[in-house]
Protein chains: 2
Amino acid sequence: MTAKRNTWQREAVREALNESEGFVSAQALHSHLRDGGSPIGLATVYRALADLATQGEADSLQQEGESLYRACTPGSHHHHLICRECGLTVEIRADEVEHWAKAVAAEHGFTEPNHIVDVFGLCAKCSRA
Amino acid sequence: MTAKRNTWQREAVREALNESEGFVSAQALHSHLRDGGSPIGLATVYRALADLATQGEADSLQQEGESLYRACTPGSHHHHLICRECGLTVEIRADEVEHWAKAVAAEHGFTEPNHIVDVFGLCAKCSRA
DNA sequence: AACACTGTTGATAACGAATCTCATTACGGT
DNA sequence: ACCGTAATGAGATTCGTTATCAACAGTGTT
């Protein structure tokens with residue numbers, strides 16, 4: 001009976017992730033938690049984030065050689081519109097793109113298609129500055 | 001008169017990149033060059049690849065914490081269909097996606113939209129195995 | 001062709017993100 | 001309360017990438 005246990009650390013990471021606007025790095029999240037008085041370890045934050053991503057409770061993307069994470073609505077496939085400046089993130093559904101990806105893959109004989117689709121830009125607020 | 005100089009090292013990297021099928025890491029390219037008898041340094045390979053990417057002669061993507069590079073047709077915006085197994089890569093044009101990305105960005109007040117779009121899958125050959 | 005100027009190279013050190021180790025802790029069922 | 005074992009965490013380790021800096025080599029000039 002290998003069972004997954006519930007620890008306050010995992011919950012702390014989940015909460016901290018939910019409080020964060022936009023994508024954050026594991027290290028940033030760890031610092032934030034420590035600043036908040038939590039004695040949580042860095043390795044644990046990495047593990048918790050990896051788990052959350054696996055379970056579909058968090059999305060991740062790679063930027064400048066590091067992984068960034070963000071809480072997301074579980075069970076729904078979606079993509080992100082991200083502000084390069086402030087990190088503000090909007091979830092976007094894009095059925096057209098899903099179909100396109102699948103079609104393009106099939107067209108070239110590829111199977112089991114995955115895809116990475118992210119849009120970066122400057123949000124309205126940052127555009128004015 | 002700050003001028004960029006032509007060295008055999010840069011040319012060697014460009015050639016090695018053109019010979020490679022699919023995306024390769026800087027380290028892999030360096031090993032390949034050394035195996036071929038070239039005494040080129042690792043740092044130089046990194047610099048050359050970064051330059052090529054900046055000049056639009058190479059595309060790069062991040063996978064599992066490392067940057068991969070590939071020669072590409074300069075001046076043309078395109079995306080990639082990549083085999084997870086063997087690395088075979090196909091350049092794909094996708095005007096629909098370009099428009100979609102621009103539209104979605106504008107819709108949410110975002111300006112200067114960039115986007116990352118890559119499709120992964122198993123190519124016909126690898127699908128059979 | 002010799003020269004000087006300066007961009008480039010490369011061995012190595014340094015850095016940083018992420019993972020591994022392993023003794024200790026603590027969750028969860030009995 | 002007890003036990004089995006998953007989870008934790010401080011530190012060491014791995015690994016990709018970048019910085020350092022003295023030696024080198026393109027490039028334009030004389």
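Chain letters run A, B, ... following the sequence lines, proteins first, then strands; residues in each count from 1.
Residue B:Thr7 places at least one side-chain N or O closer than 4.0 Å to OP1 or OP2 of C:dT9. At D:dT17, one or more side-chain N or O atoms of B:Ser67 fall inside 4.0 Å of OP1 or OP2 (strictly under the cut-off). Between C:dT6 and B:Arg5, no contact under 4.0 Å exists linking OP1 or OP2 to a side-chain N or O. The phosphate of D:dT18 has neither OP1 nor OP2 within less than 4.0 Å of any side-chain N or O from B:Tyr46.
With contacts defined as side-chain heavy-atom distances shorter than 4.5 Å, the pair B:Val119/B:His80 does not qualify. When side chains are defined from C-beta on, A:Asp59 does not count as touching A:His79, because their heavy atoms never get closer than 4.5 Å. B:Arg47 has its side chain out of reach of B:Gln9: every pair of non-hydrogen atoms, C-beta onward, lies at least 4.5 Å apart.
In this structure, A:Glu64 places its CD atom 12 Å from P of C:dA18, rounding to the nearest Å. Rounded to whole angstrom, the span from the NZ atom of A:Lys4 across to the C1' atom of C:dA26 amounts to 18 Å. In this structure, the CD atom of A:Glu66 is 17 Å from the P atom of D:dG16, given to the nearest Å.
Donor-acceptor pairing under 3.5 Å is lacking for the side chains of B:His32 and B:Gln27.
When each of B:Arg5, B:Arg10, B:Lys4 is paired with B:Asp51, the salt bridge (Lys or Arg N to Asp or Glu O under 4.0 Å) condition holds for B:Arg10 and for no other.
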Tabulate atom names and distances for all N/O pairs under 3.5 angstrom spanning the protein and nucleotides 9-14 of chain D.
{"unit_1": "D:dG9", "atom_1": "OP1", "unit_2": "A:Gln9", "atom_2": "NE2", "d": "3.2"}
{"unit_1": "D:dG9", "atom_1": "OP2", "unit_2": "A:Gly41", "atom_2": "N", "d": "3.0"}
{"unit_1": "D:dG9", "atom_1": "OP2", "unit_2": "A:Thr44", "atom_2": "OG1", "d": "2.6"}
{"unit_1": "D:dG9", "atom_1": "N7", "unit_2": "A:Arg47", "atom_2": "NH2", "d": "2.5"}

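Closest-nucleotide positions on DNA chain C for A:Gln62 and B:Asp51 were compared, and the one nearer the 5' end corresponds to B:Asp51.
A:Glu91 has a carboxylate O that lies under 4.0 Å from a charged side-chain N of A:Arg70, or vice versa, which qualifies the two as a salt bridge.
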